[in-house]
Amino acid sequence: MNPANDKHYRERVYEIVRQIPRGRVMTYGQIAAILGEGYTPRTVGYVMHGADSEGLPWQRVINSQGKCSTGKMTIPVNLQQSMLEQEGVKFAKDKCDLKEVGWSPDGFEPEEPEQISLFSEN
DNA sequence: AACTTGACGAGGG
DNA sequence: CCCCTCGCCAAGT
């Protein structure tokens, strides 16, 4: 489903965010990948503007580098980080280890990129 | 309808 | 590790 035809794509993002367990995080890109083609990390980031007023654990969504990126004047990144630290997420400086605290919904497996061979494989 | 702005991400220098 | 570029796409002017 493409965002343009999906008037409820925001709800789909919210639904995923709601599932993130305490002390774990997901990235914008991960969520976009789950939503499918037509969705991009940017779109997810845009949708997250309204997340706090939806009563969601918005702090559990961070960028692919393991850092909080709440942008400029919306929500201070230090607030997001301290909220996460409060629920057990450890940060080295301003970055956490996604290998450790990263999370994916049950049943979701990322697709393998297709192999492109430069030479004919026989 | 054109142009700009992001709570993004991958890749290159 | 930091900085820049580019691709991405919804919204607001």
Side-chain angles (χ1 to χ4, degrees):
Chain A
M1 195 61 145
N2 293 311
N5 307 325
D6 182 3
K7 300 187 176 77
H8 302 293
Y9 74 101
R10 279 173 249 260
E11 287 304 324
R12 309 232 268 132
V13 172
Y14 296 157
E15 183 50 40
I16 292 169
V17 175
R18 257 190 284 272
Q19 298 177 49
I20 308 176
R22 182 183 173 80
R24 308 297 295 280
V25 301
M26 283 187 77
T27 70
Y28 301 92
Q30 258 184 311
I31 294 173
I34 291 170
L35 289 173
E37 183 169 352
Y39 296 84
T40 69
R42 278 212 106 101
T43 306
V44 174
Y46 182 80
V47 169
M48 290 305 287
H49 273 285
D52 51 339
S53 50
E54 298 287 329
L56 299 174
W58 56 268
Q59 72 277 19
R60 296 177 192 154
V61 183
I62 66 180
N63 68 22
S64 66
Q65 314 166 70
K67 295 181 183 174
C68 298
S69 51
T70 21
K72 336 254 150 139
M73 29 199 194
T74 48
I75 297 169
V77 297
N78 49 350
L79 171 61
Q80 181 177 19
Q81 181 169 329
S82 55
M83 286 179 77
L84 287 173
E85 287 172 329
Q86 196 171 322
E87 53 182 77
V89 179
K90 292 176 186 172
F91 280 79
K93 185 96 173 148
D94 59 347
K95 175 169 38 175
C96 70
D97 185 0
L98 288 175
K99 298 267 180 194
E100 189 140 346
V101 296
W103 182 82
S104 288
D106 265 7
F108 174 73
E109 299 295 339
E111 305 178 13
E112 290 296 324
E114 39 179 290
Q115 277 292 348
I116 305 168
S117 58
L118 301 177
F119 307 93
S120 54
E121 302 217 8
N122 205 35

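Chain letters run A, B, ... following the sequence lines, proteins first and then strands; every chain starts at 1.
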How far does OG1 of A:Thr43 sit from CG of A:Leu35, to the nearest 0.5 angstrom?
9.0 Å

Quick one: which of C:dA11, C:dA10, B:dA7 gets closest to the side chain of A:Tyr46?
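Selected nucleotide (nearest to the side chain): C:dA11.
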
Per atom distances to the A:Lys67 side chain, the nearest of C:dA11, B:dA7, C:dC2 is C:dC2

Are any side-chain N or O atoms of A:Gln80 and backbone N or O atoms of A:Val61, one a donor and one an acceptor, separated by less than 3.5 Å?
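Checking the backbone N and O of A:Val61 against the side chain of A:Gln80, a donor-acceptor pair under 3.5 Å is found.
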
In whole Å, what is the span from the [atom1] atom of [X] to the [atom2] atom of [N]?
{"X": "A:Leu35", "N": "C:dC9", "atom1": "CG", "atom2": "C1'", "answer": "13 Å"}
{"X": "A:Asp94", "N": "C:dC2", "atom1": "CG", "atom2": "C1'", "answer": "12 Å"}
{"X": "A:Leu84", "N": "B:dA7", "atom1": "CG", "atom2": "C1'", "answer": "13 Å"}
{"X": "A:Arg12", "N": "C:dA10", "atom1": "CZ", "atom2": "P", "answer": "13 Å"}

Pair listing, side chain to side chain donor-acceptor pair (under 3.5 Å) test, anchored in residues 87-105 of chain A, at least two apart:
A:Gln30-A:Ser104, A:Gln59-A:Glu87, A:Arg60-A:Glu87

Upstream residue (5' side of DNA chain C) when A:Thr40 and A:Lys95 are each assigned their closest nucleotide:
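Per heavy-atom nearest nucleotide, the more 5' residue is A:Lys95.
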
Polar atom pairs (N or O), protein with nucleotides 9-11 of chain B, under 3.5 Å:
| residue | atom | partner | partner atom | Å |
| --- | --- | --- | --- | --- |
| B:dG9 | OP1 | A:Gly29 | N | 3.1 |
| B:dG9 | OP1 | A:Ser64 | N | 3.4 |
| B:dG9 | OP2 | A:Ser64 | N | 2.8 |
| B:dA10 | OP2 | A:Ser64 | OG | 3.4 |

Name all pairs fulfilling the ring pair (Phe, Tyr, Trp, His ring centres under 6.0 Å) condition that reach into residues 48-69 of chain A, sequence neighbours left out, sorted by first residue then second.
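As it turns out, the ring pair (Phe, Tyr, Trp, His ring centres under 6.0 Å) pairs with a partner in residues 48-69 of chain A, which skip direct neighbours, are A:Tyr46-A:His49.
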
So, A:Arg12 and A:Glu15, do they make that salt bridge, N to O below 4.0 Å?
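Looking at A:Glu15 together with A:Arg12, the answer is no, because their closest N to O distance does not fall below 4.0 Å.
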
Which heavy atom in A:Pro41 sits nearest to a heavy atom in A:Gly29, and how many Å separate them?
CG-CA, 3.8 Å

Would you tell me if any nitrogen or oxygen in the side chain of A:Lys93 comes within less than 4.0 Å of OP1 or OP2 on C:dC1?
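No, no such contact exists.
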
Respond yes when some side-chain nitrogen or oxygen of A:Arg60 is under 4.0 Å from OP1 or OP2 of B:dA7, and no when none is.
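Answer is no, no contact under 4.0 Å.
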
